[in-house]
Amino acid sequence: EQLEHVGGWDTLRTALQDSDISVRRKTAFLFNTLLLPTEDITHAHPNDPTTGSGATLHGTDPSRSAPTAPVHANSHASMLADPSRAATAPITLAALRPHGILPALVRTLATPAPHGPDGELEGDLDMDEKVARVLHTYASLHQGEFHEEEKQLLREAFSGERASKDDEDRIYGLDREEVEVLKRASA
């Protein structure tokens with residue numbers, strides 16, 4: 001929520017075009033991480049004998065445990081108390097379209113901006129792989145859909161000379177099955 005109020009999503013989108021390629025790479029990695037689904041975190045109280053996680057001293061009565069400290073909204077304990085607070089995928093998915101992030105990611109893969117101190121360098125396999133991974137995560141784990149213009153750009157990116165092949169079986173760091181997922185999503 002705070003990213004929304006302070007313009008954070010727009011800042012992250014802009015970072016995909018930063019002149020420093022390492023900023024772009026880190027931003028793409030961050031987007032992929034934010035899109036990864038969070039499994040339910042089960043909070044095991046150390047004195048709860050039903051969880052089997054935690055030592056119990058002889059003679060300790062689990063029903064008479066010490067009172068718990070207050071859970072503050074900005075603490076790690078808040079995520080343990082309410083595991084849904086740790087889920088970043090729904091918030092990130094909701095921000096992709098309204099803030100132009102998804103189109104920016106597609107453009108970044110299809111027509112990357114030059115980088116370097118004077119903008120003299122073009123293309124970066126590591127960046128291509130990170131962006132392709134974000135798009136794959138979006139399409140495969142979230143059944144994300146692309147608009148027609150995005151589909152066209154993706155088809156060009158995966159069929160043309162721009163496709164970064166790091167070996168015979170991988171394009172943009174994706175294996176054949178992963179590439180097929182994106183090709184189907186852009187058909």
Side-chain angles (χ1 to χ4, degrees), residues 1-38 86-187:
E1 287 180 27
Q2 291 179 357
L3 275 175
E4 186 74 39
H5 297 303
V6 297
W9 292 114
D10 295 326
T11 301
L12 288 172
R13 183 198 65 240
T14 304
L16 290 170
Q17 299 298 313
D18 196 279
S19 62
D20 184 346
I21 193 68
S22 67
V23 170
R24 292 186 208 176
R25 290 182 195 133
K26 289 173 183 178
T27 303
F29 179 83
L30 175 63
F31 277 125
N32 192 60
T33 303
L34 292 172
L35 282 173
L36 292 175
T38 308
T88 57
I91 297 163
T92 305
L93 284 168
L96 291 180
R97 286 270 174 228
H99 294 281
I101 296 166
L102 190 62
L105 286 162
V106 171
R107 280 191 310 274
T108 297
L109 184 65
T111 56
H115 59 92
D118 298 319
E120 72 280 5
L121 303 171
E122 290 188 18
D124 182 78
L125 180 59
D126 190 28
M127 179 63 181
D128 292 345
E129 289 176 354
K130 284 176 173 43
V131 172
R133 180 63 53 200
V134 175
L135 297 173
H136 176 265
T137 300
Y138 171 75
S140 65
L141 297 181
H142 301 290
Q143 292 72 46
E145 296 180 1
F146 297 101
H147 289 169
E148 196 53 48
E149 180 183 332
E150 296 161 349
K151 289 179 180 182
Q152 179 62 35
L153 288 170
L154 285 173
R155 286 192 297 267
E156 291 171 12
F158 279 95
S159 65
E161 292 178 20
R162 264 271 316 125
S164 298
K165 296 181 181 183
D166 45 6
D167 66 37
E168 289 301 311
D169 293 330
R170 299 180 75 78
I171 298 175
Y172 295 123
L174 302 175
D175 64 32
R176 286 183 186 188
E177 289 177 20
E178 293 169 323
V179 170
E180 285 306 313
V181 167
L182 277 176
K183 284 185 175 182
R184 281 192 303 274
S186 62

Handout entry: All side chain to side chain contact (heavy atoms under 4.5 Å, CB included) counterparts of A113, not counting sequence neighbours
Key = Q17, R24
Problem - Test item: H142 side-chain N/O and L93 main-chain N/O as donor-acceptor pair under 3.5 Å - result: no
Fill in the blank from the handout: CG of D126 to CZ of F29, rounded to nearest 0.5 Å, is 10.5 Å
Handout entry: Heavy-atom check, side chain of D124 versus side chain of P112, under 4.5 Å
Key = no
Exercise for the section: Please round to the nearest 0.5 Å and tell me the distance separating atom CG of N32 and atom CD of E129. Expected result: 12.5 Å
Practice task
Can you measure from CG (L153) to CZ (R107) and round to the nearest 0.5 angstrom?
Solution key: 8.5 Å
Practice task
Answer yes or no: is there a side-chain heavy-atom contact under 4.5 Å between L135 and L105?
Solution key: yes
Handout entry: Lys/Arg N to Asp/Glu carboxylate O, R184 vs E177, below 4.0 Å
Key = no
Exercise for the section: Check whether any side-chain N or O of H136 sits under 3.5 Å from a backbone N or O of V131 as a donor-acceptor pair, and report yes or no. Expected result: no
Practice task
Provide the closest heavy-atom pair for L109 versus D128 in the form atom of the first, atom of the second, distance.
Solution key: CD1-O, 3.6 Å
Exercise for the section: For A157 and Y172, work out which heavy atoms get closest and say how close. Expected result: O-OH, 3.0 Å
Practice task
Assess the side chains of E156 and Q152: does a donor N or O sit below 3.5 Å from an acceptor N or O?
Solution key: yes
Handout entry: Value rounded to 0.5 Å, distance of OG1 in T111 from CD in E122
Key = 11.0 Å
Exercise for the section: Locate the shortest heavy-atom distance separating T33 from T88; write the atom from each residue and the value. Expected result: O-OG1, 4.1 Å
Practice task
Determine the minimum heavy-atom distance between L154 and S186, stating which atoms define it.
Solution key: CB-CB, 3.8 Å
Problem - Close side-chain approach of L12 to I101, heavy-atom, < 4.5 Å - result: no
Problem - Between OG1 on residue T137 and CG on residue L182, distance to nearest 0.5 Å - result: 9.0 Å
Handout entry: Minimum heavy-atom distance S22-D20, with the two atoms named
Key = OG-OD1, 2.7 Å
Handout entry: Non-hydrogen atoms of S140 and V181 that approach each other most closely
Key = CB-CG1, 3.9 Å
Handout entry: Heavy-atom side-chain contact between W9 and T92 under 4.5 Å
Key = yes
Practice task
List the steps, then state whether side chain to side chain contact (heavy atoms under 4.5 Å, CB included) holds for E180 with L174.
Solution key: CA-CA 9 Å; E180 285 306 313; L174 302 175; over 6 Å; no
Handout entry: Inter-residue atom distance D18.CG - K26.NZ, 0.5 Å rounding
Key = 11.0 Å
Problem - ring-ring contact (aromatic ring centres under 6.0 Å, His included) assessment of Y138 paired with F31 - result: CA-CA 10 Å; Y138 171 75; F31 277 125; over 10 Å; no
